[in-house]
Amino acid sequence: MLLNPPHISLPVEMREWWIQVGLLTVPLIAVYLHIPPPHLSPALHSWKASGAFFTFKGNVIFYKDSWGAVGSSDVVVLLHGFPTSSYDWYKIWDGLNMRFNRVIALDFLGFGFSDKPRPHRYSIFEQANIVEGLMAHLGLMEQKINLLSHDYGDTVALELLYRSEHNRSGNLKISSLCLSNGGIFPETHYPRFLQKLLKDSGFVSPILTRLMNFLIGAVFGPYTQPSDGEYWDMWTGIRFNDGNLVMDSILQYINQRLKHRDRWVGALAATTIPLHMIYGPLDPVNPHPQFIQLYQQLVERSTVSVLDDHISHYPQLEDPTGFLNAYLNFINSF
């Protein structure tokens with residue numbers, strides 16, 4: 001004879017407490033989701049004002065295109081990381097302008113000043129399409145370009161490389177590729193706990209995104225932390241156009257890296273174009289020495305610059321002089 005399990009009920013006081021918590025939390029969440037984004041700092045406002053927009057399949061994409069060195073025909077295209085924007089490159093922008101005829105960067109869909117549609121299936125393939133669309137918009141599809149990428153941008157660069165290597169129609173003509181601190185190998189990639197939560201958290205991800213500054217701080221070195229103003233600019237870029245509402249969708253790129261590893265790592269290992277890796281060795285996401293040892297093992301043709309021991313996941317911001325010197329030494333070597 002089966003017995004019914006005993007019915008467990010919460011004390012009246014506890015039930016009332018949970019009801020009160022719910023009544024308080026729901027409106028707070030609702031208010032938070034509708035808080036206007038922070039005002040742009042003068043530096044961010046200047047960055048936005050110096051850029052432009054183009055439309056790709058109904059979505060507005062921000063980009064910045066600077067003409068630099070006279071007498072050079074070289075073009076460099078900069079691909080930023082997660083969860084930030086093209087503003088990641090501001091510390092080395094002027095230095096690149098002194099070497100290249102054109103320096104171009106964009107905010108990927110879902111990032112920075114670009115549109116952040118929802119619901120939307122964000123993908124690395126779509127971001128690569130957008131880069132190609134921007135190059136067509138600027139009349140550069142027949143021009144050989146140099147790609148300089150970081151983090152999330154590394155994976156977009158590898159998709160562009162795959163298309164170039166396989167002569168796909170509409171592909172870019174890539175002259176060189178320089179990667180930096182991207183999780184291109186799933187087996188040596190350790191996303192932060194908050195990234196994992198955001199990726200799988202669904203409707204609560206906009207609330208968790210409020211902790212993004214803790215995620216950002218955790219991937220900088222202890223001696224190279226952003227200033228309060230820099231943190232604020234990063235957070236402003238995330239919140240612009242309600243970007244906190246799309247983080248969970250964008251983070252599916254972690255699964256895409258795993259699914260398409262052979263495609264992207266295979267293209268990297270097989271290419272004959274000049275390759276370079278600039279690496280901050282204190283990176284907790286792509287830790288030393290596992291990451292760089294695997295890179296050198298699988299990508300034998302590539303040269304490598306390992307920066308100072310205290311440089312972490314954002315080398316272009318933590319050590320802009322070292323990063324720029326490493327990149328220009330690479331560019332001037334072929």
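Worth saying up front: this structure is predicted, and the values here are computed from it rather than measured.
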Inset, instruction - May I ask you to decide if Gly221's main-chain N or O and Thr224's side chain share a donor-acceptor pair within less than 3.5 Å? - result: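 Answer holds: yes.
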Is it the case that [X] and [Y] place a side-chain donor and acceptor less than 3.5 Å from each other?
X: Thr84; Y: Tyr314; answer: yes
X: Asn332; Y: Arg99; answer: yes
X: Ser312; Y: Asp283; answer: no
X: Arg118; Y: Asn241; answer: no
X: Tyr223; Y: Glu318; answer: no
X: His80; Y: Ser85; answer: no
X: Ser86; Y: Asp107; answer: yes
X: Tyr90; Y: Gln316; answer: no
X: Ser41; Y: Trp232; answer: no
X: Glu165; Y: Thr271; answer: yes
X: His150; Y: Asn181; answer: no
X: Tyr295; Y: Ser302; answer: yes

Legend entry - side-chain contact (heavy atoms from CB on, under 4.5 Å) evaluation trace for Ile124 with Trp264: CA-CA 11 Å; Ile124 295 297; Trp264 294 330; 3.8 Å; yes
Legend entry - SB check Lys116 Asp242 (cutoff 4.0 Å):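 The answer is no: the pair does not qualify as a salt bridge.
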Legend entry - Check ion pair Glu230-Lys91 (N to O, under 4.0 angstrom): yes
Rounded to the nearest 0.5 Å, how far apart are [atom1] of [X] and [atom2] of [Y]?
X: Cys178; Y: Leu275; atom1: SG; atom2: CG; answer: 9.5 Å
X: Tyr253; Y: Tyr152; atom1: OH; atom2: OH; answer: 8.0 Å
X: Leu298; Y: Arg301; atom1: CG; atom2: CZ; answer: 14.5 Å
X: Ile61; Y: Leu134; atom1: CD1; atom2: CG; answer: 9.0 Å
X: His137; Y: Asp65; atom1: NE2; atom2: CG; answer: 9.0 Å
X: Glu159; Y: Leu79; atom1: CD; atom2: CG; answer: 12.5 Å

Inset, instruction - Group every Ile, Leu, Val, Met, Phe, Trp and Tyr by side-chain heavy-atom contacts under 4.5 Å, then state whether Phe185 and Leu258 land in the same group. - result: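 Each belongs to a different hydrophobic cluster.
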Legend entry - Pair Tyr162 and His166, ring centroids less than 6.0 Å apart: yes
Inset, instruction - Using the six-membered ring wherever Trp is involved, compare the ring planes of Phe334 and Phe330 and label them parallel, tilted or perpendicular (cut-offs 30° and 60°). - result: tilted
Legend entry - Quiz item: cation-pi between Lys64 and Trp89, 6.0 Å / 45°: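 Because its charged atom misses either the 6.0 Å distance or the 45° angle limit, Lys64 does not stack over Trp89.
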Legend entry - salt bridge (charged side-chain N to carboxylate O under 4.0 Å, His left out) assessment of Glu126 paired with Lys57: CA-CA 10 Å; Glu126 180 182 41; Lys57 295 187 176 179; over 6 Å; no
